[in-house]
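By convention here, the first residue in the shown sequence is residue 1. As the structure lists them, so they are numbered: ligands from 1, and atoms in each ligand from 1.
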Amino acid sequence: MENIDWSNIGFGYRKTDYNVRCTYKDGKWGELRKSTDENINLHMAATCLHYGQEVFEGLKAFKGKDGKIRVFRMDENAKRMQKSCEGIMMATLPIEKFEEAVKMVVKLNERFVPPYESGASLYIRPLMIGTSAQVGVKPASEYEFILFVTPVGPYFKGGFQTTPFVIMRQYDRAAPLGTGTFKVGGNYAASLIAGNHALEMGYSAVFYLDAKEKKYIDECGAANFFGIKNNTYVTPDSTSILPSITNKSLMTLAEDMGLKVERRHVPIEELSEFEEAGACGTAAVISPIERIDDFDTKKSYVFSPDGKPGKWCEKLYIKLRGIQYGDEEDKYGWITVID
Ligand SMILES: *Cc1c(COP(=O)(O)O)cnc(C)c1O
């Protein structure tokens with residue numbers, strides 16, 4: 001086991017032993033290869049550099065009390081990556097190959113999976129890039145799929161505690177997210193200015209409004225939104241939101257706990273009616289929202305006056321984490337044990 005202060009690692013890159021790679025060439029995928037090289041040797045005319053033919057995913061592996069390592073819903077990440085690739089004319093990786101690569105990279109870096117007690121996990125970052133040379137705006141004919149891992153702690157400061165978020169109309173959600181293409185590099189680059197601005201003002205992130213009317217809540221930079229009122233879990237329905245696997249799982253768990261679940265437009269004004277709200281995603285898990293300030297109207301929507309996570313946020317958080325770490329029964333078949 002690596003000698004790291006596991007309980008105090010943040011969310012950043014840390015070198016591990018191996019990454020796993022696979023090359024698409026002459027119309028087919030080759031074998032998975034392991035590599036110790038952190039660098040990529042790339043043609044200067046590669047399409048990923050010029051036209052943003054680049055997609056990525058994010059998932060996690062958890063070490064349980066029993067010492068077993070579990071990966072959460074990797075088939076969903078495999079499918080979503082295929083969709084992202086289709087949206088920007090990249091080759092698609094078969095689901096089985098994706099899963100095989102995840103198992104391989106976790107196994108190869110076993111000593112970097114944080115211990116159960118730390119509450120940390122191993123973040124798995126798959127990416128695919130167009131590598132062949134092209135100067136016209138055309139898709140590449142060769143692609144590289146790479147999978148690396150890095151141990152991580154909480155994404156937003158402090159882990160499971162409330163933080164403030166902000167709405168700022170001057171920032172638009174990057175356009176291609178509205179066309180059913182997700183986790184595509186360029187979109188995130190376009191959100192960096194907004195994210196930075198929010199951080200400078202002391203917020204965790206910007207919540208985007210729908211790009212067309214600026215009336216409804218969409219999501220923030222790396223997490224979906226949900227609000228809870230009258231025993232109902234409400235989450236936005238929009239084509240410019242990334243279909244979060246965490247959110248999908250929370251909807252299932254919420255229903256199981258007796259909450260009603262609604263996926264629909266959420267007008268900004270409705271924020272004043274929620275008893276609790278959270279940002280959710282693989283990296284963020286559930287980040288309970290203290291308040292959302294509207295930068296333009298100066299209105300403030302407060303969910304947690306005492307700074308504590310609400311009871312449903314807490315219940316959902318405990319349940320989800322319980323399944324991921326193997327403390328709770330995996331009754332939906334979301335877990336793959338790595339052995
Ligand atoms: C990754 C991501 C999420 C969370 O999705 P999960 O599948 O739950 O990790 C939400 N929004 C955006 C924009 C993301 O990139």
Side-chain angles (χ1 to χ4, degrees), residues 11 52 54-62 71-85 87-88 95 98 102 121-128 149-150 152 154-156 165 167 171-195 198 204-211 216-227 233 235-254 263 266 277-287 289 313 316-317 319-321 323-324 332 334-336:
F11 198 94
E54 183 275 339
V55 303
F56 68 97
E57 271 297 330
L59 63 162
K60 280 177 173 172
F62 307 85
V71 178
F72 188 70
R73 305 194 80 171
M74 64 172 162
D75 56 319
E76 292 286 336
N77 293 93
K79 282 188 260 174
R80 190 169 65 193
M81 196 175 87
Q82 288 186 332
K83 275 208 169 140
S84 300
C85 287
I88 54 173
I95 293 171
F98 182 98
V102 169
S121 54
L122 188 74
Y123 186 69
I124 305 164
R125 171 54 66 90
L127 70 141
M128 200 200 294
V149 297
T150 189
V152 294
Y155 188 75
F156 293 123
F165 289 69
I167 292 170
Y171 297 115
D172 270 316
R173 188 62 152 140
L177 280 180
T179 58
T181 309
F182 302 104
K183 279 191 145 66
V184 168
N187 298 334
Y188 293 84
S191 76
L192 293 177
I193 285 196
S204 284
V206 172
F207 265 109
Y208 296 99
L209 300 177
D210 75 284
Y216 308 102
I217 291 283
D218 249 5
E219 64 166 341
C220 67
N224 278 187
F225 172 85
F226 68 85
Y233 179 105
T235 193
D237 187 15
S238 155
T239 52
S240 54
I241 289 178
L242 180 118
S244 156
I245 298 159
T246 312
N247 196 6
K248 186 172 168 177
S249 308
L250 290 176
M251 285 188 254
T252 303
L253 297 177
R263 266 191 76 205
V266 179
C280 65
T282 297
V285 194
I286 292 178
S287 287
I289 301 172
C313 278
L316 287 164
Y317 178 85
K319 189 79 185 173
L320 178 70
R321 302 281 281 178
I323 295 171
Q324 292 173 331
Y332 306 101
W334 288 344
I335 298 296
T336 305

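Below 3.5 Å of separation, one finds no N or O of Cys220 facing any N or O of ligand 1. At under 3.5 Å, not a single nitrogen or oxygen of Asn247, backbone or side chain, sits near a nitrogen or oxygen of ligand 1.
Counting heavy atoms from C-beta outward, Ser240 and Asp218 have side chains that approach closer than 4.5 Å. You'll find the side chain of Ser191 reaches within 4.5 Å of the side chain of Tyr208, heavy atoms only.
Contact annotation: Gly221 has at least one heavy atom less than 4.0 Å from an atom of ligand 1. Taking 4.0 Å as the cut-off, Arg80 counts as a neighbour of ligand 1 on heavy-atom distance.
For the 3.5 Å distance criterion, the side chains of Asn247 and Thr235 qualify, holding a donor opposite an acceptor.
Counting all heavy atoms, side chain and backbone alike, Ala284 lies closest to Ala279 at CB-O, 4.4 Å. Across all non-hydrogen atoms, the minimal contact from Cys313 to Ala277 is SG-O, 3.9 Å. Across all their heavy atoms, Arg263 and Pro236 have their closest contact at NE-O, 4.2 Å.
The only member of Leu320, Leu59, Thr246, Thr282 that meets side chain to side chain contact (heavy atoms under 4.5 Å, CB included) when paired with Phe72 is Leu320.
Contacts between Glu219 and ligand 1 below 4.0 angstrom, taking non-hydrogen atoms only, involve the side chain exclusively. With a heavy-atom cut-off of 4.0 Å, Ala222 touches ligand 1 through its backbone alone. Only the side chain of Leu242 comes within 4.0 Å of ligand 1, counting heavy atoms alone; its backbone N, CA, C and O stay farther away.
Of all atoms in ligand 1, listed by their number and element, those nearer than 4.0 Å to a heavy atom of Gly281 are 4 (C), 8 (O), 9 (O). Distances below 4.0 Å separate heavy atoms of Asn224 from the following atoms of ligand 1: 10 (C), 11 (N).
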